[in-house]
Amino acid sequence: MSRIPLIAGNWKMYKTVPEAVETAEKLAALCQSIHSVEVMIAPNFLAIHPVAAVCKNSPVKIGAQNLYFEKQGAFTGEVSAGMIKAAGAEYVIIGHSERRQLFGESDSFVAKKIKSAIGCGLKPILCVGETEAQRDEEKTFQVPDKQVSDGLKGCGSDELKDLVLAYEPVWAIGTGKSATTDQVNTVHQYLRSLTAKLYSTTFADQVRILYGGSVKPENVSALMDLKDVDGALVGGASLEADTFINIIRFDT
Ligand code: PEP
């Protein structure tokens with residue numbers, strides 16, 4: 001089965017609304033001729049709606065960086081899946097390592113978010129990956145295995161047809177030190193077999209697995225050449241349209 005590559009930009013807590021709109025406008029113009037790759041940017045919550053408006057007639061899709069799993073209510077400071085969808089997003093990043101590490105998000109919390117995203121028709125990008133200490137303790141497979149198995153607990157394969165997984169070794173995020181192609185290859189193969197074990201080989205064949213961790217224009221092609229790498233989740237190098245487009249055009 002052919003899986004359409006997804007190049008996704010996580011803008012984290014960068015850019016005011018006008019700055020986000022300006023970058024999105026530039027990127028939308030640069031992406032007009034991109035057809036064989038899906039492109040997504042995830043600005044902060046405030047910028048989702050205006051960025052979605054400027055990307056409307058372009059191939060650039062919009063995502064959120066997080067959500068809260070309740071539909072609505074007295075949850076001060078939180079934003080629901082339905083609100084994100086109504087603002088113009090199609091994707092949502094869930095379980096990013098920064099949320100797990102800085103905000104204490106557990107796998108069961110992540111699972112509730114996945115359920116909530118699916119329930120509202122948002123496509124979840126579930127992030128998993130080991131820390132450097134866990135790699136040193138030889139838990140490189142065990143950690144993402146648990147994060148995927150527990151994060152998807154209670155979801156059937158029919159509900160997860162739009163699921164995207166992102167393998168992001170924590171030690172490679174924002175460090176400039178990308179994982180080697182061998183390291184990426186073995187974990188991506190492991191995760192694909194895991195999805196076959198959890199669901200089916202048909203499911204495993206169609207689920208997209210992105211790599212994230214210091215992806216740049218210089219290393220993206222080698223990563224994208226790997227059979228089980230279906231795209232990239234990009235932080236720092238997605239912030240400038242001129243740099244990000246060189247990642248999106250990895251095959252030219
Ligand atoms: C990320 O935040 O998901 C990420 C991969 O960041 P960077 O590309 O900056 O390492």
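Counting convention: from 1, in listed order, for ligands and their atoms alike.
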- Output, in order, the C-alpha distance, side-chain angles, deciding distance and verdict of side-chain hydrogen bond (donor to acceptor under 3.5 Å, both in side chains) for Gln65 and Trp11. CA-CA 8 Å; Gln65 301 171 20; Trp11 284 359; over 6 Å; no

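- A donor-acceptor pair under 3.5 Å is absent between the side-chain atoms of Asp150 and the main chain of Gln147, judged by distance alone.
- The immediate protein surroundings of ligand 1, defined as residues with any heavy atom under 4.0 Å of it, consist of Asn10, Lys12, His96, Glu168, Ala172, Ile173, Gly174, Gly212, Gly213, Ser214, Leu233, Val234, Gly235, Gly236.
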- Mind running side-chain hydrogen bond (donor to acceptor under 3.5 Å, both in side chains) on Asn44 and Lys12 for me, showing each step along the way? CA-CA 7 Å; Asn44 66 65; Lys12 310 195 185 193; over 6 Å; no

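- Salt-bridge annotation for Glu105 and Lys113: present, with a side-chain N of the basic residue lying under 4.0 Å from a carboxylate O of the acidic one.
- Between Tyr211 and His188, the ring planes lie tilted relative to each other; the angle falls in the 30° to 60° range.
- The aromatic rings of Phe109 and Phe69 sit perpendicular, their planes meeting at an angle over 60°, well past the 30° parallel limit.
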